[in-house]
*Asks:* 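Input: one structure, supplied below.
Bear in mind that the values here come from a model prediction, so they are computed numbers and not experimental data.
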There are 2 protein chains.
Amino acid sequence: MVTPMIRVLLVDDHPVVRAGVRALLEGQPDIEVVGEAAAADEAERAVRELRPDVVLMDLSLGAGPGGATATAGIRALPEPPQVLVLTTYDTEADILEAVDAGAVGYLLKDAPPDELFRAVRAAVRGEMVLSPAVAARLVRRASSPEPSLTEREVEILQLLATGKGNRELARELLVSEATVKSHLSHIYTKLGVDTRAGAVAVAIERRIIRRG
Amino acid sequence: MVTPMIRVLLVDDHPVVRAGVRALLEGQPDIEVVGEAAAADEAERAVRELRPDVVLMDLSLGAGPGGATATAGIRALPEPPQVLVLTTYDTEADILEAVDAGAVGYLLKDAPPDELFRAVRAAVRGEMVLSPAVAARLVRRASSPEPSLTEREVEILQLLATGKGNRELARELLVSEATVKSHLSHIYTKLGVDTRAGAVAVAIERRIIRRG
DNA sequence: CTCGGCATCATCCGATCGGCTATCGAACGG
DNA sequence: CCGTTCGATAGCCGATCGGATGATGCCGAG
């Protein structure tokens, strides 16, 4: 029997990476790269026009909306393709954000080609695929559950990283200085630190707050 | 006349990227990819055996020594090839470290293929090549010179990011608390902040201190 | 040799921080 | 319907931080 080709769309802002994935996939008899996109809006348009079976999505798309946003946009289309994230980062936050956005799998760019092929074939069937490294990380986190910060606490951390004092935080958040300090205490406990500087370091480390 | 082929060695821990660069370069009649390596030690061995004209080097090689170290090692060999850095990061610190290690150029992975080709041909002639984005960044920094921190100050920042207090810093660095505070004042001035938390954020932002 | 940069140390003091304790309302489950 | 949990709020107080100022010794550049 003739199996229809799996139609793949590549989304990555790095020409080098697009060429690499294309070169690898084109060596497979049952996979066909039908298009490429370098940004979120391009990707969505390409999906409408090309109607691929699987989208290989990078998470960092340079300027503009990131891959997670693009994924959500694509999954919101009628009869959306499966989206398979292929990226460099393996932070728990990144993984969860991608899955929340509707990604069916999460691969790392340092994965061997075979893994990529298997993942594409699994994705088209709607199966969840995770890189071993990614799966391991999720398991590790699940076994020692990371303390989750409340929205307010994240908000505080965000401002904290700008080096603002409690008084300033209080003014910007429209609460009393005492409240800010209370939140900070909770943050310290959850992050396992006992100073502002330590909290900022850990927060950036775990990507709880944004960076350039 | 028959121009000899430019022999290129690829060093990158991402199979996808290696495949991409290989695919792009093999479309060029005067360029030949003679080998690939995924780590620093592999790279050095490959250079000895394959004697390429140009090494395309990624800066982050996963575990083990990074691309800068690998570059230095390769440049220390007899009759070394030119090393052209091809990476994702464009921090001034990364660029300078690479150039210090003996790299002849610095390209970003989001550069268009043409730029890559031109860079390889220029590199083999020993010409310095910078991505426009990289060059722009260096120019911008040069025009508004970034304050450089002393070794001691970086050392302080490193410990600061662990959330330690001045007393602890003093003990670990074997100096008085007053000295620590003096260093901190200088650091604040140079980084344009006025708190420890802000200093940590900026330090991580500018990659002055290491992170996982 | 002199100058400037770096690291070191010292003191004072107001501003700020971090720990402790406690209240209140909303959500949840029994 | 009530107890429990949890997030947000708040005040007190001792410990710490940050700024200002000044001094010393060392070393490399001009």
Side-chain angles (χ1 to χ4, degrees), chain A residues 93 96 141-142 144-206 208-209, chain B residues 92-93 96 100 141-142 144-206 208-209:
Chain A
L96 294 182
R141 296 284 183 156
S144 65
E146 189 180 18
S148 64
L149 299 176
T150 67
E151 279 183 35
R152 197 60 158 173
E153 287 163 348
V154 172
E155 203 173 352
I156 300 244
L157 265 178
Q158 190 71 51
L159 292 174
L160 196 60
T162 67
K164 290 183 163 56
N166 288 344
R167 183 169 305 157
E168 282 174 289
L169 300 193
R171 185 150 18 84
E172 298 203 25
L173 297 176
L174 303 174
V175 299
S176 86
E177 199 177 328
T179 302
V180 170
K181 289 165 64 175
S182 175
H183 285 307
L184 284 176
S185 278
H186 293 150
I187 291 172
Y188 297 154
T189 302
K190 290 179 178 177
L191 296 187
V193 300
D194 61 352
T195 65
R196 310 156 92 67
V200 169
V202 171
I204 292 178
E205 180 71 46
R206 298 195 192 170
I208 295 170
I209 57 180
Chain B
E92 190 198 20
L96 294 184
D100 278 350
R141 296 287 182 150
S144 67
E146 186 181 22
S148 64
L149 298 176
T150 68
E151 280 184 34
R152 196 58 159 173
E153 286 163 350
V154 172
E155 203 174 353
I156 299 243
L157 266 178
Q158 191 70 51
L159 290 174
L160 197 59
T162 67
K164 289 182 164 57
N166 287 347
R167 187 169 301 157
E168 282 174 290
L169 299 192
R171 187 151 13 87
E172 297 203 27
L173 297 176
L174 303 175
V175 299
S176 85
E177 202 176 327
T179 303
V180 170
K181 290 171 65 173
S182 175
H183 285 306
L184 283 176
S185 279
H186 294 150
I187 291 172
Y188 296 154
T189 302
K190 289 181 178 177
L191 296 187
V193 300
D194 60 353
T195 64
R196 340 183 113 221
V200 168
V202 171
I204 293 178
E205 181 70 46
R206 299 195 192 170
I208 294 169
I209 59 181

*Asks:* Among residues two or more places apart or on two chains, list those pairs meeting salt bridge (Lys or Arg N to Asp or Glu O under 4.0 Å) that have a residue in residues 154-163 of chain B.
*Replies:*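 Of all non-adjacent pairs touching residues 154-163 of chain B, those that pass salt bridge (Lys or Arg N to Asp or Glu O under 4.0 Å) are B/R152-B/E155.
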*Asks:* Identify the heavy atoms of B/A199 and B/I187 that sit nearest to each other, and give their distance.
*Replies:*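 Heavy-atom minimum between the residues: CB-CG2, 4.5 Å.
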*Asks:* Checking the side chain of A/S182 only, and the main-chain atoms of A/A178 only, is there a donor and an acceptor separated by less than 3.5 Å?
*Replies:*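 Checking the backbone N and O of A/A178 against the side chain of A/S182, no donor-acceptor pair under 3.5 Å is found.
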*Asks:* Summarise protein proximity over nucleotides 4-19 of chain D in one line of letters, 5' to 3': B for base, S for sugar-phosphate only, - for none, counting protein heavy atoms closer than 4.0 Å.
*Replies:* ---SSBBBBB--SSBB
*Asks:* What distance separates A/R196 CZ from A/N166 CG, expressed to the nearest 0.5 Å?
*Replies:*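 Result: 4.0 Å between the selected atoms.
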*Asks:* Let me confirm one number: the CD-NZ distance from B/Q158 to B/K164, rounded to the nearest 0.5 Å.
*Replies:*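 One gets 10.5 Å once the value is rounded to the nearest 0.5 Å.
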